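Here's the structure we're looking at; comments come further down.
Protein chains get the first letters and strands the later ones, always in sequence-line order, with residue 1 at the start of each. A quick note: this is a predicted structure, and the numbers were derived from the prediction, not measured.
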Number of protein chains: 2
Amino acid sequence: MVDYLTNWKAQIRRGYLELCILMLIQKYERIYGFDLLEKLKEIDLEMKEGTLYPLLNRMTTDKVLKAVWETENVKGHPRKFYSLTKEGIKLLHEMKNEYIRMNDIFEKIAK
Amino acid sequence: MVDYLTNWKAQIRRGYLELCILMLIQKYERIYGFDLLEKLKEIDLEMKEGTLYPLLNRMTTDKVLKAVWETENVKGHPRKFYSLTKEGIKLLHEMKNEYIRMNDIFEKIAK
DNA sequence: GTAATATACCTAGCGGTGCTATGTATATTG
DNA sequence: CAATATACATAGCACCGCTAGGTATATTAC
């Protein structure tokens, strides 16, 4: 068993990571997983491969994202590019609203 | 299976609820579960009994909270009052720091 | 007097996700 | 040709929010 704080940090990331990923994909319009991992590291939001790839696959299955393999003009391993579906854009909008609502409550309690 | 957004809302509440509960207990110094449920409702952060009570018990077991039964001067069912332990105060401090760090990242992506 | 309501706490079990650990494949560099 | 960098994938564990029930005491309604 890991310590209390470490476990809590894993819990609070639930849902939050998904929100951040969707916002980043919207920002870049289209991006592949490995690149996303680097962008996440740059903004101090490190994420494990074993967390990101299953998340991206799940969101694709659920039609929140659409995925396109890119093999041409690419040296090395082929890349899978993700972008938001129309449904994903709508979902992200509602998720952001809920996040902001929750943060407002946090700040109301904190002050 | 519930819809995507409903499930996501349950996920993003993980850890966040624990943080809010600890902040509220600190604010009121000592409070019992049922009262906490009402205070949560007042600030539009409704929580189910089946979520709150196991959470309070877990945090008590983990020495984050201390619990005291109060039977005197109380009509009806006895009440269990909770307050933060020294360890709980320290933990809450670190949890708030992490939450704020995460919210900063959210805002950096959002703008 | 007893049925209904309000107050107050509790628990078994389900479902979903972040992480660990490991695996696969291609191209470049030493 | 071994090592490294790039790139994606998955099985399984641990944990927590919620559902759906339950117990117990005191007051109010009829």
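- One interatomic measurement links the two molecules: CG of L56(B) to C1' of dA8(C), which rounds to 12 Å at whole-angstrom precision.
- When the side-chain nitrogen and oxygen atoms of R79(B) are compared with OP1 and OP2 of dC9(C), none of them lie within a distance under 4.0 Å.
- Residues from residues 39-50 of chain A lying near DNA chain C, meaning a heavy-atom separation below 4.0 Å, are K48(A), G50(A) in numerical order.
- In this structure the side chain of V68(A) never reaches within 4.5 angstrom of the side chain of K80(A), judged on heavy atoms.
- Contacts classified as side chain to side chain donor-acceptor pair (under 3.5 Å) and involving residues 39-50 of chain B (residues at least two apart or in different chains) are given here: D35(B)-K39(B).
- Inter-axis angle, ends of the helix from dG1(C)-dC30(D) to dG30(C)-dC1(D), five pairs per end, rounded to 10 degrees: 0°.
- At most 12 non-hydrogen atoms from other residues, nucleotides or ligands lie less than 6.0 angstrom from CD of E29(A).
- A close approach under 4.0 Å does not occur between any side-chain nitrogen or oxygen of N7(A) and OP1 or OP2 of dG18(C).
- Residues from residues 20-37 of chain A that place a heavy atom under 4.0 Å from any atom of DNA chain C: there are none.
- OP1 and OP2 of dC10(C) both lie 4.0 Å or more from every side-chain N or O belonging to Y53(B).
- A donor-acceptor contact shorter than 3.5 Å links the side chain of T61(B) to the backbone of N57(B).
- Under the 3.5 Å distance criterion, the side-chain polar atoms of Y53(B) are left unmatched by any main-chain donor or acceptor of G33(B).
- At the heavy-atom level, W69(B) lies under 4.0 Å from the strands shown only through sugar-phosphate atoms.
- Hydrophobic clustering of Ile, Leu, Val, Met, Phe, Trp and Tyr side chains at less than 4.5 Å, counting indirect connections, keeps W69(B) apart from F34(B).
- Proximity of M102(A) to Y16(B): side-chain heavy atoms (C-beta onward) are separated by under 4.5 Å at one or more points.
- Residues L92(A) and I89(A) have side chains not in contact (no heavy-atom distance under 4.5 Å, counting atoms from C-beta outward).
- In this structure, D3(B) atom CG and dG15(C) atom C1' are separated by 15 Å, rounded to whole Å.
- Rounding to the nearest 0.5 Å places CH2 of W8(B) at 9.5 Å from OH of Y99(A).
- Place R14(B) and K80(A) on DNA chain D by their nearest nucleotides, and K80(A) ends up nearer the 5' end.
- As a whole-Å value, the separation of E18(B) CD from dG17(D) P is 7 Å.
- We find that NZ of K9(B) is positioned 12 Å from P of dC18(D), with the value rounded to whole Å.
- Scanning both residues, I25(B) and L84(B), for their nearest heavy atoms gives CG2-N, 4.0 Å.
- Residue M59(B) contributes atom CE, which lies 13 Å from atom C1' of dG17(D) at whole-angstrom precision.
- Residue order along DNA chain D, read from the 5' end via each residue's closest nucleotide, puts N57(A) first among Q11(B) and N57(A).
- For R13(B), the side-chain atoms get nearest to dC18(D) when compared with the rest of dC18(D), dC9(C), dG18(C).
- Residue W8(A) contributes atom CH2, which lies 13 Å from atom P of dC19(C) at whole-angstrom precision.
- One atom, CG of L52(A), and another, C1' of dC19(C), lie 13 Å apart when rounded to the nearest Å.
- Identified under the salt bridge (Lys or Arg N to Asp or Glu O under 4.0 Å) test for residues 10-20 of chain A, with sequence neighbours left out: E18(A)-R58(A).
- With rounding to whole Å, L17(A) atom CG is found 18 Å from dG16(C) atom P.
- Listed by first then second residue, pairs satisfying side chain to side chain donor-acceptor pair (under 3.5 Å) with a partner in residues 82-96 of chain A number zero, not counting sequence neighbours.
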